[in-house]
Amino acid sequence: MDNPRLISQLAALERKTSRRGKDTIDHPPAGHDDVANVVAGAAHCAVHRHSVTVQELVI
């Protein structure tokens with residue numbers, strides 16, 4: 001199933017390299033990456049076979 005919001009957020013991500021050579025990936029100014037972060041976190045958990053409870057998600 002296509003998710004236009006997810007596709008838009010993933011396509012807009014920007015890679016930036018600091019003067020010290022450290023890379024970061026973030027959304028552009030005034031952009032959002034909340035859906036992309038959730039999908040990336042779920043993929044990470046699936047690959048590493050982590051389970052997450054609802055209690056752990058509450059900040």
Side-chain angles (χ1 to χ4, degrees):
M1 168 166 51
D2 289 339
N3 185 317
R5 186 171 172 192
L6 172 61
I7 293 168
S8 174
Q9 287 184 11
L10 288 173
L13 291 175
E14 300 175 342
R15 177 181 169 203
K16 299 174 187 171
T17 304
S18 71
R19 293 180 195 171
R20 295 183 177 183
K22 181 180 178 185
D23 288 335
T24 59
I25 298 175
D26 203 1
H27 59 79
H32 299 280
D33 61 0
D34 52 335
V35 176
N37 283 332
V38 168
V39 172
H44 174 82
C45 288
V47 167
H48 297 285
R49 298 183 182 194
H50 292 278
S51 61
V52 179
T53 64
V54 174
Q55 294 290 336
E56 293 172 314
L57 297 175
V58 177
I59 298 175

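To the nearest 0.5 Å, atom CD1 of residue Ile25 and atom CG of residue Leu10 are 10.5 Å apart. Between the CG atom in Asp33 and the OG atom in Ser8 there is a gap of 11.5 Å [rounded to 0.5 Å].
The number of heavy-atom neighbours closer than 6.0 Å to NZ of Lys22, taken from other residues, nucleotides and ligands shown, is 12 or below.
Residues satisfying the side chain to side chain donor-acceptor pair (under 3.5 Å) criterion with Thr17, sequence neighbours excluded, are Asp23. Remark: Pro28 pairs with Ala12, Glu14 by the side-chain contact (heavy atoms from CB on, under 4.5 Å) rule, at least two apart or across chains.
Leu13 and Leu6 end up in the same hydrophobic cluster when Ile, Leu, Val, Met, Phe, Trp and Tyr side chains are linked at under 4.5 Å.
For the pair Gln9/His27, no side-chain contact is recorded, criterion being any heavy-atom separation below 4.5 Å from C-beta on.
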